[in-house]
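Structure, as structure tokens:
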Amino acid sequence: MNKKGPVDKIDFMRRAIQLSEEKMMENSGGPFGAVIVKDNKIIAEGYNQVTSVNDPTAHAEIVAIRKACDYLNTFQLSEAEIFCSCEPCPMCFAAIHWARIKKVYYSNTRKDAQKIGFDDNIIYEELTKNNNQRKIPSIQFLSVEGKTAFKTWEEKIDKTPY
């Protein structure tokens with residue numbers, strides 16, 4: 001590995017941490033920051049904005065993914081890496097997978113986040129349960145009607161697969 005590589009990764013992580021601290025102190029949201037890097041260059045930054053924009057999905061990683069996709073005009077970030085000030089929550093982890101980001105780096109762990117009041121364990125636990133055992137009931141109905149759109153998608157000739 002060349003000498004420049006690790007220094008850049010350190011700089012990228014430091015930027016994610018810096019965003020988490022700065023934006024938290026500006027009351028944008030919780031202490032979380034993220035940067036997305038492609039070709040050794042930051043292409044997008046995000047920070048937690050849950051409380052400032054009243055959006056429970058406005059986590060640092062989600063904000064950064066949206067900005068990166070907009071910047072590159074694509075919905076896939078397969079050549080990008082993400083640097084997060086904290087291990088991504090289940091929602092952000094799923095979004096990272098959907099965006100096809102190739103690598104995740106993080107500083108704090110989910111256990112560290114739990115110690116300061118950000119506990120995602122309930123979500124991890126809920127995902128292992130059957131639908132009828134979850135705290136938020138998930139009830140399927142109108143499945144035959146719902147499959148109409150799926151059938152149309154399956155037959156659609158000009159679709160963009162993802």
Give me the atom names and distance for the closest heavy-atom approach of [X] to [Y].
{"X": "Gly30", "Y": "Asn48", "answer": "N-OD1, 3.0 Å"}
{"X": "Met91", "Y": "Pro56", "answer": "CE-O, 4.1 Å"}
{"X": "Lys135", "Y": "Glu126", "answer": "N-OE1, 2.7 Å"}
{"X": "Trp98", "Y": "Arg100", "answer": "O-NH1, 3.0 Å"}
{"X": "Asp158", "Y": "Lys156", "answer": "OD1-NZ, 2.5 Å"}
{"X": "Ser85", "Y": "Ser20", "answer": "OG-CB, 3.6 Å"}

Would you compute the distance between atom [atom1] of [X] and atom [atom2] of [Y] and round it to the nearest 0.5 angstrom?
{"X": "Ile82", "Y": "Lys103", "atom1": "CD1", "atom2": "NZ", "value": "14.0 Å"}
{"X": "Ile17", "Y": "Glu22", "atom1": "CD1", "atom2": "CD", "value": "12.0 Å"}
{"X": "Leu19", "Y": "Tyr47", "atom1": "CG", "atom2": "OH", "value": "8.5 Å"}
{"X": "Lys147", "Y": "Leu142", "atom1": "NZ", "atom2": "CG", "value": "11.0 Å"}
{"X": "Gln114", "Y": "Cys86", "atom1": "CD", "atom2": "SG", "value": "11.0 Å"}
{"X": "Gln140", "Y": "Ser143", "atom1": "CD", "atom2": "OG", "value": "4.5 Å"}

Among pairs that include at least one residue of residues 130-162, which meet ring-ring contact (aromatic ring centres under 6.0 Å, His included), considering only residues two or more places apart or in two chains?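 Non-adjacent pairs meeting ring-ring contact (aromatic ring centres under 6.0 Å, His included): Phe75-Tyr162.
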
Determine, stepwise, if the pair Cys69 / Leu77 fulfils side-chain contact (heavy atoms from CB on, under 4.5 Å). CA-CA 7 Å; Cys69 288; Leu77 303 171; 3.9 Å; yes

Hey, is [atom1] on [X] packed in by over 12 heavy atoms from elsewhere, all under 6.0 Å?
{"X": "Tyr124", "atom1": "OH", "answer": "yes"}
{"X": "Phe93", "atom1": "CZ", "answer": "no"}
{"X": "Glu154", "atom1": "CD", "answer": "no"}
{"X": "Lys115", "atom1": "NZ", "answer": "no"}

So, the side chain of Ser28 versus the backbone of Met24: is there a donor-acceptor pair under 3.5 Å, distance only?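 No: the side chain of Ser28 does not pair with the backbone of Met24.
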
So, does Glu21 use its side chain to make a donor-acceptor pair with the main chain of Gln18 at under 3.5 Å?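 Checking the backbone N and O of Gln18 against the side chain of Glu21, no donor-acceptor pair under 3.5 Å is found.
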
Ion pair [X]/[Y], N-O distance below 4.0 Å:
{"X": "Arg15", "Y": "Glu45", "answer": "yes"}
{"X": "Lys9", "Y": "Glu81", "answer": "yes"}
{"X": "Lys129", "Y": "Glu125", "answer": "no"}

Would Val37 and Phe83 satisfy side-chain contact (heavy atoms from CB on, under 4.5 Å), going step by step from the backbone distance to the final call? CA-CA 8 Å; Val37 174; Phe83 293 78; 3.7 Å; yes

Test of understanding: with side chain to side chain donor-acceptor pair (under 3.5 Å), list the residues that count as partners of Arg134, not counting sequence neighbours.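 Only Asn131 meet the side chain to side chain donor-acceptor pair (under 3.5 Å) criterion with Arg134.
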
Apply side-chain contact (heavy atoms from CB on, under 4.5 Å) to residues Ile65 and His59 and explain how you reach the verdict. CA-CA 10 Å; Ile65 288 169; His59 290 202; over 6 Å; no

Answer yes if the ring centres of Phe32 and Phe118 are under 6.0 angstrom apart, and no otherwise.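 So the answer is yes for these two rings.
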
Of all pairs that satisfy salt bridge (Lys or Arg N to Asp or Glu O under 4.0 Å), the ones with a partner from residues 30-44, not counting sequence neighbours: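 Listed by first then second residue: nothing to list.
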
Go through it in stages, so that I can follow the logic: the residues are Asp112 and Arg110, the test is salt bridge (charged side-chain N to carboxylate O under 4.0 Å, His left out), and I'd like the CA-CA distance, side-chain angles, deciding distance and then a yes or no. CA-CA 5 Å; Asp112 296 327; Arg110 66 187 200 206; over 6 Å; no

Could you please spell out the steps behind the salt bridge (charged side-chain N to carboxylate O under 4.0 Å, His left out) verdict for Glu26 and Lys23? CA-CA 5 Å; Glu26 293 174 10; Lys23 300 304 180 177; 3.4 Å; yes

Passing candidate, side-chain contact (heavy atoms from CB on, under 4.5 Å) with Ile36, options Ile96, Leu72, Ile101, Ile42: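 Single pass found, and it is Ile101.
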
Within one Ile-Leu-Val-Met-Phe-Trp-Tyr cluster: Tyr105 and Val35, side-chain cutoff 4.5 Å: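 Shared cluster, yes.
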
Is there a side-chain contact (heavy atoms from CB on, under 4.5 Å) between Cys89 and Ile123? Walk through the geometry before answering. CA-CA 9 Å; Cys89 74; Ile123 299 168; over 6 Å; no

pair Ile62-Arg66: side-chain heavy atoms closer than 4.5 Å: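 Answer yes - side chains close enough.
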
